[in-house]
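Notes follow the structure.
For the numbers below, each heavy atom of this structure counts, side chains included, while hydrogens, waters and symmetry mates do not. Each chain gets a letter, A, B and so on, in the order its sequence line appears, and its residues count up from 1.
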Amino acid sequence: MSATDLPMIKGAPLPQQSPVQKFFGSTFISVVIYLLVIGVICWGSYTGAQNMGYSWQWYRVPQYLYSFTDDGFQPGELLIGLGATIRLSLTAFVLATALGLLVALLRLSGLIVGSAVAVCFLEFIRNIPLLVLLYLFYYVLGPIFKFDRYTASILTLAVFHSALISEILRAGINAVAQGQWEAAKSIGMTTGQTYRYIILPQSVRFMLPPMTGEVVHLIKSSAIVSVIAVAELTTFGRNIISDTYMSFEIWFTVAIVYMVVTLILSIGVSYLERRYAVAQ
Amino acid sequence: MTTSDPMIRVTNLDKFYGSFHALKDVNLEVQQGEKMVICGPSGSGKSTLIRCFNGLEWHNSGTLIIDGIEVHQNSKQIRDLRQEVGMVFQQFNLFPHLTVLENLTIGPMKVRKISQSEAEKTARKYLERVHIPEQAEKYPAQLSGGQQQRVAIARSLCMETRIMLFDEPTSALDPEMINEVLDVMVGLADTGMTMVVVTHEMGFARKVADTMVFMEEGQIVEISPPEQFFTNPSSERCRMFLDQILEH
């Protein structure tokens, strides 16, 4: 067989960009399009509001964020509300992680009863709406076990997110190679020691990205406790609106405050992730 | 315990994976200080057998007596057993998030409750023994395969075990690294450690083995001293196997 008889080696053709694709794919045009879209949305809302006869009073908004008096910087109601939201979310997150770890370990325990309990819990939580869960805790369990609205909201958020967190933890634990278990066992470690010193430290790398998502999710869903009037960012926003009727400005502001916090969190964790990846 | 009692005594051992009969009526004795090499085609049950010796697998029937004590499926007892029986894996299984030194000290510190300074002293002694004292502060991923396997051997040694099991310790290594690991194992054999080694390294087997075992389809086909095993095996199947792996 001579060289010319060899079949042609075929592969997928290299992607060729058409001039139109090149034009729209360039950074400059992309930014222009992006700004145009944002501009149209802003202009639409603004003219829409004008047509409703809404009078914008943005100048009145800063005082609800902060003010400067003779005593220096004073946080406004919205910042105080943000503080409450963060406190609420953090407490709920710590509880949710502890409970989530327990559920994940139950599920991984290999005990029939353990995994049955875990699966029942997961299915129960995953299949009822967060709002209904909140009502359950506040109107049903609250009076029975004598806890206040703040406790009810922390418990609701913790229980709801523990179900999601337990799945993240379980996936992270399963992602560690089986050989690690065998090596830990063969030097005589107990299951608890194996988790603590060998498995969990290695799982963190797999858990960090989805856990960040979960914290962001938790901060956002914490807004729901405003329906039982727990003092936090959304509730404060609502209170300000009922005093001032500036619903457009305040809701925009509240949305931006949530966004700033969750964005800072995401950026912080991606920095942490990179450092962790280097350490590995 | 008298010195004549074997370190490992296996009687009528059977093991099933579902309906698959992985070990069939295995009988075996390993004396104190004895070096046993087990070989056989893949899937013949040799790994399964030695994994039974430290409780990573559990036999379905028969008895397993290690160091005079019958092994029951009791987690406390199995943990005690594992402190006597070390295991070196084909894939090394080092802890990637710990430094070499931490890999070696975590077992003694957490399981044997030895102080950190004491554990580090022991760890450095055994790193010296496997010829890599200078790698103590590195992470496993920074070492070559051969170095990683030597760390794994040192990790087992740090537990001051009385029996060492090797599950194809050189099969995952590049050829040029096999000898550095085998050298360490020969050195270990010279210290009088009881060793059970699953391997196809017949040069190593000739050098250190007191007993050769050939397994096939879950059964022990041949147990004999190496002189006889390599020159005049009693079973035809063993002869064929040896011809195949010694051909090159």
*Answer yes or no: are there more than 12 heavy-atom neighbours, outside R126(A) itself, under 6.0 Å from its atom CZ?*
yes
_Euclidean distance, I187(A) CD1 relative to N54(B) CG, rounded to 0.5 Å_ = 11.5 Å
*Mind listing the closest non-hydrogen atom pair of R51(B) and E182(A) along with its distance?*
NH2-OE2, 2.7 Å
*More than 12 heavy atoms of other groups within 6.0 Å of K125(B) NZ*: yes
*asked:* As an exercise, state the distance from OG of S186(A) to CG of L165(B), rounded to the nearest 0.5 Å.
replied: 9.0 Å
*Is it true that atom CZ of F124(A) has more than 12 heavy atoms of other residues, nucleotides or ligands lying nearer than 6.0 Å?*
no
*Side chain, backbone, both or neither: which part of Q193(A) has a non-hydrogen atom closer than 4.5 Å to chain B?*
side chain
*Can you say whether V85(B) sits under 4.5 Å from chain A via the side chain, the backbone, both, or neither, judging by heavy atoms?*
backbone
*Heavy-atom neighbours of Q116(B) CD exceed 12 at 6.0 Å*: no
*E102(B) CD to Y197(A) OH distance, which is reported to the nearest 0.5 Å*: 12.5 Å
*Answer with side chain, backbone, both or neither: which region of F95(B) has an atom nearer than 4.5 Å to a non-hydrogen atom of chain A?*
both
*Main-chain N/O of A183(A) paired with N93(B) side-chain donor or acceptor, under 3.5 Å*: no
_Heavy-atom pair with the smallest gap, counting every atom of I198(A) and H97(B)_ = O-CE1, 3.6 Å
*Measure the CE-NZ distance between M189(A) and K110(B) for me, rounded to the nearest 0.5 Å.*
8.0 Å
*Just how far is it from atom CD1 of I78(B) to atom OG1 of T190(A), taken to the nearest 0.5 Å?*
13.5 Å
*Step through the shown structure and confirm whether more than 12 heavy atoms of other residues, nucleotides or ligands are within 6.0 Å of CD1 on I144(A).*
yes
